[in-house]
J.: 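I'd like to ask you about the structure that follows.
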Amino acid sequence: MVRKKSYTKGNLKRGAWTAHEDKLLYDYIMSHGLGKWRSLPIKAGLNRCGKSCRLRWLNYLRPDIKRGNITEEEEDLIVRLHKLLGNRWSLIAGRLPGRTDNEIKNYWNTCLRKKLTSKTLLSPADTGTKSNDIPVPIFN
DNA sequence: AAACGCGACAACCGCTCCTTG
DNA sequence: ACAAGGAGCGGTTGTCGCGTT
């Protein structure tokens, strides 16, 4: 299937979001709700592509979002879910209320992977295979 | 005090999946 | 049934701040 590129660099702004842009996006979604991401930036007066708006909303602006301070409990859950699901970050995020796939993915790639590999090096016999026995809590 | 290295995180990009006409 | 467009996902990159030398 041939697809038109949805992301055109054109005149659209890229890079870090400003407080003003955040406010425009937040206010628009608060008063109109989530709708078509493609047309949203135009209606909200943002010079961004819909993709960028979606990412910003999901990973940063959403009111129910928890940021930082991943607890040991959450960390343990992430590890178990990762054993179970692999790199299905959105599925893992779905089991952790208030956490985003991007945050979990970042956390995994920076902290956890390192922790786990060092653990693995220390105790190679203790890896994998038992994951399916571990009950995973389901939120929602 | 400056240079450098590294970790953390936000955002981009390309691809696939899903929905609709 | 098929094609096209929109939405979502996962990998990767860029940047910033902090600690170390």
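By convention in this document, chain letters (A, B, ...) are assigned in the order of the sequence lines, proteins followed by strands, and residues within each chain are numbered from 1. In this text the structure is predicted, and so the values were computed from the model without any measurement. The analysis underlying the following values was restricted to heavy atoms, covering all of them including side chains, and did not include hydrogens, waters or symmetry mates.
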J.: Got a list of protein N/O to nucleotides 14-20 of chain C N/O distances below 3.5 Å?
T.:
none

J.: Between C:dT12, C:dG6, B:dA11, which nucleotide has the shortest distance from any of its atoms to the side chain of A:Asn109?
T.: C:dT12

J.: Can you tell me how far apart SG (A:Cys49) and CH2 (A:Trp37) are? Round to the nearest 0.5 Å.
T.: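 The SG atom of A:Cys49 sits 11.5 Å away from the CH2 atom of A:Trp37.
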
J.: Looking at C:dG10, B:dC12, C:dA7, which one has an atom nearest to any side-chain atom of A:Ser90?
T.: C:dG10

J.: Rounded to the nearest Å, what distance is computed from the NE2 atom of residue A:His82 to the P atom of nucleotide C:dC9?
T.: 16 Å

J.: Do the charged groups of A:Glu21 and A:Arg56 touch, with an N to O distance under 4.0 Å?
T.: no

J.: Provide a list of protein-nucleic acid N or O atom pairs under 3.5 angstrom, restricted to nucleotides 5-8 of chain B.
T.:
unit_1: B:dG7; atom_1: OP1; unit_2: A:Lys114; atom_2: NZ; d: 3.4
unit_1: B:dG7; atom_1: O5'; unit_2: A:Lys114; atom_2: NZ; d: 3.4

J.: Output yes when at least one side-chain N/O atom of A:Arg54 is less than 4.0 Å from OP1 or OP2 of C:dG8, else no.
T.: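 For C:dG8, OP1/OP2 do have a side-chain N/O of A:Arg54 under 4.0 Å.
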
J.: Do the non-hydrogen side-chain atoms of A:Arg48 and A:Arg54 ever get within less than 4.5 Å of each other?
T.: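 No. Closest side-chain heavy atoms not under 4.5 Å.
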
J.: How many whole angstroms separate atom CZ of A:Arg56 from atom P of B:dC9?
T.: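 So the two atoms are 14 Å apart, to the nearest Å.
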
J.: What's the CZ-C1' distance between A:Arg88 and C:dG10, to the nearest Å?
T.: 10 Å

J.: Kindly point out which of B:dC13, C:dG8, C:dG11 is positioned nearest to the side chain of A:Arg14?
T.: B:dC13

J.: A:Arg88: which residues meet the side chain to side chain donor-acceptor pair (under 3.5 Å) condition with it, sequence neighbours left out?
T.: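 With neighbours one apart ignored, the set is empty.
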
J.: Counting side-chain heavy atoms from C-beta on, which of C:dG10, B:dC12, C:dG8 comes nearest to A:Lys51?
T.: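 Shortest atom-to-atom distance from the side chain points to C:dG8.
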
J.: Quick one: pull up CD1 in A:Ile104 and CG in A:Asn87 and give me the separation to the nearest 0.5 Å.
T.: 12.0 Å

J.: Taking a pair as Watson-Crick or G-U wobble with both distances under 3.5 Å, which nucleotide is matched to C:dG11?
T.: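 By the stated definition (distances under 3.5 Å), B:dC12 pairs with C:dG11.
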
J.: Of all the choices, B:dC12, C:dT12, C:dG5, which nucleotide is nearest to the side chain of A:Arg38 once you look at every atom?
T.: C:dG5

J.: Is there a donor N/O on one and an acceptor N/O on the other, under 3.5 Å, for the side chain of A:Lys105 and the base of C:dG10?
T.: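 Side chain to base: pair present.
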
J.: Hey, what's the ring geometry for A:Trp89 with A:Trp108, parallel, tilted or perpendicular (30° and 60° as the breaks)?
T.: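 Geometry flag for A:Trp108 against A:Trp89: tilted rings.
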
J.: Does A:Asn59 reach a base, just sugar-phosphate, or nothing at all? Heavy atoms under 4.0 Å.
T.: nothing

J.: Identify whether any heavy atom of A:Asn87 sits under 4.0 Å from a base atom; if not, whether one sits that close to sugar-phosphate; answer base, sugar-phosphate or nothing.
T.: sugar-phosphate

J.: Rounded to the nearest 0.5 Å, how far apart are NZ of A:Lys23 and OG1 of A:Thr18?
T.: 12.0 Å

J.: Distance check, rounded to the nearest 0.5 Å: A:Leu58 atom CG versus A:Asn102 atom CG?
T.: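 Interatomic distance, A:Leu58 CG to A:Asn102 CG, rounded to 0.5 Å: 9.5 Å.
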
J.: Measure the CG-CG distance between A:Asp101 and A:Asn106 for me, rounded to the nearest 0.5 Å.
T.: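 Here the rounded value is 9.5 Å.
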
J.: Expressed in angstrom and rounded to an integer, what is the separation of A:Trp37 atom CH2 from C:dC9 atom C1'?
T.: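 After rounding, the reported distance stands at 15 Å.
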
J.: Output the rounded distance in Å from CG (A:Asp101) to P (C:dA7).
T.: 17 Å

J.: Quick one: A:Lys13 NZ to B:dC12 C1', roughly how many Å, whole number?
T.: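 It is 15 Å, rounded to the nearest whole Å.
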
J.: Over how many whole Å does the gap from A:Trp57 atom CH2 to C:dG8 atom P extend?
T.: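 Computing the A:Trp57:CH2 to C:dG8:P distance gives 14 Å.
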
J.: Please give, in whole Å, the distance from C:dG10 P to A:Leu91 CG?
T.: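 Going from CG in A:Leu91 over to P in C:dG10 covers 7 Å.
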
J.: Please check the phosphate of B:dC12 (OP1 and OP2 only) for any side-chain N or O of A:Arg48 closer than 4.0 Å.
T.: yes

J.: Please pick, from C:dG6, C:dG10, C:dG8, the nucleotide with the shortest atom-to-atom distance to any side-chain atom of A:Trp89.
T.: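 Nucleotide nearest to A:Trp89's side chain: C:dG10.
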
J.: Rounded to the nearest 0.5 Å, how far apart are CD1 of A:Ile92 and CZ of A:Arg80?
T.: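 Reported to 0.5 Å precision, the distance equals 12.0 Å.
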
